[in-house]
Number of protein chains: 2
Amino acid sequence: MEVKLPTFNSVFSIDCVIFGSEAGELKILLIERNEEPYKDWLALPGYIVEQDESIDNAAERILYELTGLRDLHMQQFHTFGEVNRHPQGRVITVAYYALIRINGQKELKPITQYAKSAFWHPVNELPKLAFDHTEIFQTGFNKLRRRLNYQPIAFELLPEKFTLTQLQSLYEAVLNKKLDKRNFRKKMLSYGFLKELDEKQKGVSYRAAKLYKFDRRKYTKIFQNELNLDS
Amino acid sequence: MEVKLPTFNSVFSIDCVIFGSEAGELKILLIERNEEPYKDWLALPGYIVEQDESIDNAAERILYELTGLRDLHMQQFHTFGEVNRHPQGRVITVAYYALIRINGQKELKPITQYAKSAFWHPVNELPKLAFDHTEIFQTGFNKLRRRLNYQPIAFELLPEKFTLTQLQSLYEAVLNKKLDKRNFRKKMLSYGFLKELDEKQKGVSYRAAKLYKFDRRKYTKIFQNELNLDS
DNA sequence: TTTAATGGTGTAAGTCTGACACACTATATT
DNA sequence: AATATAGTGTGTCAGACTTACACCATTAAA
């Protein structure tokens, strides 16, 4: 005896909380909606999952179609399933987040008509967002904070070569508190996955700082154990 | 101009990974399915979400209907959205987990016909489970491990009065490694949320151990800050 | 009374954390 | 050439925490 699946019971969608950093400031990727409901509002990039794609793939596709960005390593962090999240019916959403270095090369440009534009916006002074996106953003931001405490993920946000001061500012922006310069440097260097370069910062009108880069091989070696548990 | 929601695109369900401990052994709650597909297989308690209930409510309802247990504090930990998880079509599942003390009083008894029975099974030597439930269980177990490292959640699993050795055994079962007795006791007691009782263990044929209970008020006070970040 | 089984306890070495202040250097300005 | 400016780069100490490690105490049963 075959038993059939019940008919579909929900609309299923993805929202993306993408953090970037630029000019020492932590930013988040937003789009301007071009569709009702909330037409013309700002929102997190998000859309509906297709029936024949996994949610991880859907997240990549949707982000790409709405913003032009691809190949980020997004991770889901929470699923929002209240009944009245969407004014027109039941929608359940898995939220993903990722970190990325912002650089001019990667152009932000929606592929589909559903977004008018995509752009980076500072995480402070965030405007009102469509749907429950403010809550989704907050949850994602908290997740990022907690994670930063036990995994050095900040490198994803920085250019390839960076100074220790830049790294520290980023930590301070995410954790929202001042850190002690000497202790911060001591600790970061003690991990052993920062590679000191023979280069210095350029174009500054004061003593130039040494540049470092992130040694992913050493990092992986060191954080192997923690990562193994991370599924 | 009104734009309608697309028609529903998925079946949405919940699975529950419920940990309990009994006789010093860590166990998980399973059901015997009474429905195709996977009729007669063992599985995690799980079922389909209704259109008019939030996923958190759905999780409580479903667990109750399949096992008779209620009022646990479940938390979602991951959403499974591969395309071919279910042999009959697209199903997306949010997995929840919770900890509970097993005691004889709470009878396990399915309310609905969808489960033949519900029972506790040791987490070691787990049999093959229906669908991708083995993977869901593993992910949940890893989550539990990581969480135990920064929150003393083990109390949820123990009877009201317990000995330090019982507490330690539970930690060892979850973390899957031996701990040093003296260091473990020192550390647990140093937190200050264990209340020493004037009672001792009974019915053992060796020196009886002191009983302790968990002081939830102090615990909350101490872990307030960490919890605030935990959304 | 002896045995078997588990309960209960302290110390020392090493590691990590957090607090704290000043000289150095590159450029821009006069 | 001298000086101002702005951020770079560095060491130490105290306290807290972590880890390793071994033996006597108590109870019930034989």
Side-chain angles (χ1 to χ4, degrees), chain A residues 21 23-25 145-146 148-152 154 158-159 161-173 175-213 222-223 225-226, chain B residues 21 23-25 145-146 148-152 154 158-159 161-173 175-213 222-223 225-226:
Chain A
S21 128
E25 198 175 24
R145 277 198 188 122
R146 256 171 301 141
L148 191 64
N149 280 321
Y150 60 94
Q151 277 183 27
L158 289 172
K161 302 171 183 181
F162 52 86
T163 69
L164 290 179
T165 303
Q166 285 168 352
L167 185 59
Q168 183 176 348
S169 304
L170 185 51
Y171 267 77
E172 291 177 341
L175 301 176
N176 196 29
K177 64 179 175 195
K178 280 277 168 206
L179 302 173
D180 179 272
K181 184 162 61 158
R182 277 177 290 189
N183 292 337
F184 181 81
R185 285 164 182 244
K186 207 188 325 169
K187 188 165 175 181
M188 280 296 149
L189 292 173
S190 79
Y191 286 137
F193 51 61
L194 289 185
K195 193 168 167 184
E196 186 178 331
L197 301 176
D198 282 337
E199 274 175 273
K200 295 201 167 182
Q201 214 179 10
K202 278 182 183 152
V204 291
S205 75
Y206 46 81
R207 176 178 177 183
K210 277 185 208 156
L211 289 171
Y212 289 81
K213 78 192 245 196
I222 297 165
F223 282 82
N225 300 328
E226 282 90 8
Chain B
S21 129
E25 199 176 23
R145 275 196 190 122
R146 254 172 301 139
L148 191 64
N149 279 322
Y150 60 94
Q151 278 182 26
L158 290 172
K161 302 172 184 180
F162 52 86
T163 69
L164 290 178
T165 302
Q166 284 168 352
L167 185 59
Q168 183 176 345
S169 304
L170 184 51
Y171 267 77
E172 290 177 342
L175 301 176
N176 196 28
K177 63 179 176 195
K178 280 278 167 204
L179 302 173
D180 180 272
K181 185 162 61 158
R182 277 177 290 192
N183 291 338
F184 181 82
R185 285 163 182 245
K186 206 188 326 168
K187 188 165 174 182
M188 280 297 149
L189 292 173
S190 79
Y191 286 137
F193 51 60
L194 289 186
K195 194 168 166 185
E196 186 179 333
L197 302 176
D198 281 336
E199 272 175 274
K200 294 201 168 181
Q201 214 178 10
K202 278 183 185 150
V204 292
S205 75
Y206 45 82
R207 176 175 176 184
K210 277 186 208 153
L211 289 170
Y212 288 80
K213 77 192 247 194
I222 297 164
F223 282 83
N225 301 327
E226 282 90 7

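To find a chain, count down the sequence lines: A is the first, B the second, and so on, and within it residues start at 1. In what follows, every heavy atom counts, from backbone to side chain, and hydrogens, waters and symmetry copies are set aside.
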- Any residue meeting ring-ring contact (aromatic ring centres under 6.0 Å, His included) with B:F184, in chain and number order, not counting sequence neighbours: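 Here the qualifying residues are B:Y171.
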Over how many whole Å does the gap from [X] atom [atom1] to [N] atom [atom2] extend?
X	N	atom1	atom2	answer
B:L167	C:dG8	CG	C1'	15 Å
A:D180	D:dT12	CG	P	16 Å
A:F184	D:dT10	CZ	P	15 Å
A:K187	C:dT15	NZ	C1'	13 Å
B:M188	D:dT19	CE	P	13 Å
A:Q168	D:dT8	CD	P	9 Å
B:K202	C:dG7	NZ	P	17 Å
B:N183	C:dG8	CG	P	16 Å

- For A:K186, report the nucleic acid contact type (base, sugar-phosphate, nothing); a contact means any heavy atom under 4.0 Å.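 Result for A:K186 = base.
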- B:E172/B:K177 ion pair, N-O < 4.0 Å: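 B:K177 and B:E172: not salt-bridged.
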- Query: Are the side chain of B:T163 and the backbone of B:Q166 linked by a donor-acceptor contact shorter than 3.5 Å?
  - Reply: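 Pair found, side chain donor or acceptor close to backbone of B:Q166.
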- So, does B:Q201 use its side chain to make a donor-acceptor pair with the main chain of B:A209 at under 3.5 Å?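 Yes, because the side chain of B:Q201 sits within donor-acceptor range (under 3.5 Å) of the backbone of B:A209.
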- Measure the spacing between CZ of B:R185 and CG of B:D180 and express it to the nearest 0.5 Å.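 Going from CZ on B:R185 over to CG on B:D180, the span is 10.5 Å.
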- Query: When you check every protein heavy atom under 4.0 Å of nucleotides 21-30 of chain C, what one-letter string (B, S, -) results, 5' to 3'?
  - Reply: B--BBBBS--
- Taking only side-chain nitrogens and oxygens of A:T165, does any of them come within less than 4.0 Å of OP1 or OP2 of D:dG7?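 No, no such contact exists.
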- Task: Can you see which heavy atom on B:A154 is nearest to which on B:L170, and at what distance?
- Result: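 Residues B:A154 and B:L170, closest heavy atoms: O-CD2, 3.5 Å.
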